[in-house]
Amino acid sequence: MLVASKELVASARVGKYAVGAFNAVNMESAQAIFAAAEKSRSPFIIQITQTTLKYTEPEELFALIRARGERTSVPYAIHLDHGRSFEVCMKFLRLGVTSLMIDGSLQEDGKTPRSYEENVDVTRRVREAAHAMGVTVEAEIGRLGQISGEEEAGDNLTRPAEAARFVADAGVDMLAVAIGTTHGLYKGTPHIAHERLKAVAAEVPIPLVMHGGTGVPDDDVRRAISLGIAKVNIDTQIRVAFYDTVIAQVHQVEKNFAEVDASGGVRKYDIRKVLAPARDAMCEAIKGRMSVFGSTGKA
Ligand code: G3H
Ligand code: ZN
C-alpha cells in the first residue's frame with residue numbers, strides 16, 4: 001500500500017521505532033527491499049537518488065516499483081533521496097514519489113555548502129509544490145561527516161536553535177540532522193553525537209532523520225531512535241551485500257568453467273545464478289536493519 005512517508009514516520013515516532021529508507025537502483029535491489037519488508041511485516045521507504053536516473057530510465061524503474069507495490073499489503077513510500085535542486089524535485093514529483101528530500105545544505109554539485117538563506121529559499125519553494133500534491137518533504141541542515149568526538153565536531157553538526165528556526169522558516173515535515181554520521185563506510189567505529197541529537201530533538205518538533213546508517217553500531221542506532229530519529233537511511237550496506245555475493249558467485253562460476261573446460265564440456269551461462277543469491281543477500285541485510293530499527297512486525 002503506497003502512502004506518504006509522513007504517516008509512516010509519525011507512527012514510528014509515536015511507537016519509538018524508525019522506518020528504514022533503503023536505496024533501490026535496479027530490479028533486484030527493489031525486489032530485495034519489498035521481500036525484506038514482507039518477511040518482516042515492516043513499513044518501509046524505498047528511495048531513489050537523482051544519479052540513478054543516469055543509470056536507468058526513470059519511468060521503467062518507477063513502473064517496476066509501483067507494479068511490485070500493488071501486490072504488497074505492507075505500507076510503503078517512494079522517496080527521492082538527496083534531491084539537489086528545485087528542478088530535480090519537480091521531476092520526481094511528476095514521476096510519482098510520495099515523499100522527497102530537498103538537500104539544500106549543499107549546492108547542486110553536492111560539495112559546496114549553501115548558506116542558511118539559500119537553503120531556506122530552495123527548501124521552501126520545493127515544499128510549496130510538494131505539499132500542494134500531498135507529498136512529504138524532508139530537508140537537511142548541518143553537514144554530514146564522521147567525527148572523532150563531539151568536542152571536535154566544530155560547526156558542522158546540526159545546531160539546535162538554527163534547526164528550529166529552519167523548520168519554522170521552511171515548513172518541512174522531517175529533518176535530516178548532522179550528528180556524526182556520514183555516507184559510505186566509516187574509518188573505525190563512528191562516534192555519534194547523542195547529546196547534540198537530544199538537544200536538537202528538544203527544539204525541533206518534527207521527526208528527525210539519520211543519514212549514513214550503514215556501519216552505525218546497533219546500540220547507537222537504538223539510542224538515536226529513542227532520542228527522536230524516526231527514519232534511518234541505508235544504502236552502502238545493500239551495495240556491500242550485493243558486491244560480496246556477486247564476487248563469491250563469480251569465483252564459483254570461474255571454478256565451474258575451469259572444470260567444464262578441463263573435461264571438454266560446454267559452458268552454460270545463466271545470469272540468474274549470480275543475481276538471485278545477491279538479491280537474497282540484500283534482502284537479509286535489509287531484514288537485519290529493520291529488526292534493529294524496531295519496525296519489524298509494525299505493518
Ligand atoms: O541517503 C542515503 C544514506 O544516507 C545512506 O547512507 O550509504 O552510508 O548507508 P549509507
Ligand atoms: Zn544520505
Side-chain angles (χ1 to χ4, degrees), residues 1-9 19-39 42-103 108 110 125-139 172-174 176 183 209 211 231-239 241-242 271 275-276 278-279 282-283 285-286 289-290 295 299:
M1 190 184 16
L2 184 58
V3 299
S5 331
K6 198 173 175 177
E7 295 173 30
L8 301 181
V9 175
V19 179
F22 303 97
N23 288 69
V25 293
N26 63 359
M27 184 177 80
E28 284 77 13
S29 49
Q31 288 173 331
I33 295 166
F34 275 97
E38 284 163 352
K39 286 178 185 163
S42 168
F44 68 103
I45 296 169
I46 184 165
Q47 55 184 16
I48 298 156
T49 60
Q50 60 186 76
T51 51
T52 297
L53 303 194
K54 291 183 188 150
Y55 173 72
T56 180
E57 282 299 320
E59 287 77 11
E60 288 174 15
L61 186 57
F62 273 77
L64 187 136
I65 291 170
R66 273 198 295 268
R68 185 67 184 76
E70 276 169 21
R71 294 192 288 110
T72 194
S73 59
V74 173
Y76 77 101
I78 309 179
H79 178 86
L80 162 64
D81 186 29
H82 290 287
R84 302 247 180 241
S85 67
F86 179 83
E87 291 69 27
V88 165
C89 291
M90 295 309 106
K91 184 177 174 74
F92 275 80
L93 274 182
R94 284 193 293 275
L95 285 165
V97 291
T98 56
S99 68
L100 58 80
M101 175 189 194
I102 168 65
D103 181 355
E108 285 182 46
R125 284 189 292 126
V126 168
R127 183 260 297 160
E128 279 166 7
H131 279 185
M133 296 172 71
V135 168
T136 304
V137 178
E138 173 185 343
V172 293
D173 308 298
M174 330 184 245
H183 291 140
V209 181
H211 279 249
K231 171 177 180 270
V232 182
N233 284 14
I234 299 287
D235 185 5
T236 302
Q237 192 176 350
I238 301 172
R239 303 183 197 190
F242 181 87
I271 291 169
L275 291 183
R279 184 173 56 192
M282 290 190 281
C283 176
I286 295 163
R289 296 315 277 176
M290 287 172 166
S295 64

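Not measured: the values here are computed from a predicted model. Positions are given from 1 along the sequence.
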Self-check item: N-O pairing of E38 and R68 below 4.0 Å
Solution: yes
Quiz item: Side chains of I48 and L95: closer than 4.5 Å at any heavy-atom pair?
Solution: no
Quiz item: Between M174 and S5, is any pair of side-chain heavy atoms under 4.5 Å apart?
Solution: yes
Quiz item: So which heavy atom on G96 is nearest to which on R66, and how close?
Solution: CA-NH1, 4.1 Å
Practice problem: State the CG-OH distance between L61 and Y55, to the nearest 0.5 angstrom. | Solution: 10.0 Å
Quiz item: Side-chain donor-acceptor pair under 3.5 Å between Q237 and R289, yes or no?
Solution: yes
Exercise. Check the angle between the aromatic planes of H82 and H183 and answer parallel, tilted or perpendicular using the 30° and 60° thresholds.
Key: perpendicular
Practice problem: For residues F22 and D81, determine if any side-chain heavy atom of one lies less than 4.5 Å from a side-chain heavy atom of the other. | Solution: no
Quiz prompt | Given H211, R84, Q50, the one that forms side-chain hydrogen bond (donor to acceptor under 3.5 Å, both in side chains) with D103 | solution = R84
Quiz item: Taking C-beta and beyond as the side chain, do Y76 and T98 meet within less than 4.5 Å on heavy atoms?
Solution: no
Self-check item: Least distance between heavy atoms, L64 atom then A30 atom
Solution: CD2-CB, 4.0 Å
Quiz item: Any donor-acceptor pair under 3.5 Å linking the side chain of S42 with the backbone of A37?
Solution: no
Practice problem: Drop me the distance from M133's CE to R94's CZ, to the nearest 0.5 angstrom. | Solution: 9.0 Å
Exercise. With rounding to the nearest 0.5 Å, note down the distance linking CZ in F34 to CD1 in I65.
Key: 6.5 Å
Self-check item: N/O donor-acceptor pair under 3.5 Å between S99 side chain and H79 backbone
Solution: no
Practice problem: Decide side-chain contact (heavy atoms from CB on, under 4.5 Å) for F62 and V97; before the verdict, give the C-alpha distance in whole Å, the side-chain angles of both, and the deciding distance to 0.1 Å. | Solution: CA-CA 9 Å; F62 273 77; V97 291; 3.9 Å; yes
Exercise. Mind listing the closest non-hydrogen atom pair of A36 and I286 along with its distance?
Key: CB-CG2, 3.5 Å
Exercise. Locate the shortest heavy-atom distance separating R127 from V137; write the atom from each residue and the value.
Key: CA-CG2, 4.0 Å
Exercise. Please name the pair of heavy atoms, one in A4 and one in A77, separated by the smallest distance, quoted to 0.1 Å.
Key: C-CB, 4.3 Å
Self-check item: Pairwise distance CD1(I33) to CD1(I234) - rounded to 0.5 angstrom
Solution: 11.0 Å
Quiz item: What's the spacing between T49 OG1 and M101 CE if we round to 0.5 Å?
Solution: 12.0 Å
Practice problem: Kindly compute the distance separating NZ (K231) from CD1 (I45), expressed to the nearest 0.5 Å. | Solution: 5.0 Å
Quiz prompt | Side chains of L53 and F92 in contact at under 4.5 Å (non-hydrogen atoms) | solution = yes
Practice problem: Check whether any side-chain N or O of E138 sits under 3.5 Å from a backbone N or O of V209 as a donor-acceptor pair, and report yes or no. | Solution: no
Quiz item: Shortest non-hydrogen contact from A130 to L100?
Solution: CB-CD2, 4.3 Å
Practice problem: Quickly, which of T52, D235, N23 forms a side-chain hydrogen bond (donor to acceptor under 3.5 Å, both in side chains) with Q47? Name it, please. | Solution: N23
Quiz item: So, S29 side chain and V25 main chain: donor-acceptor pair closer than 3.5 Å or not?
Solution: yes
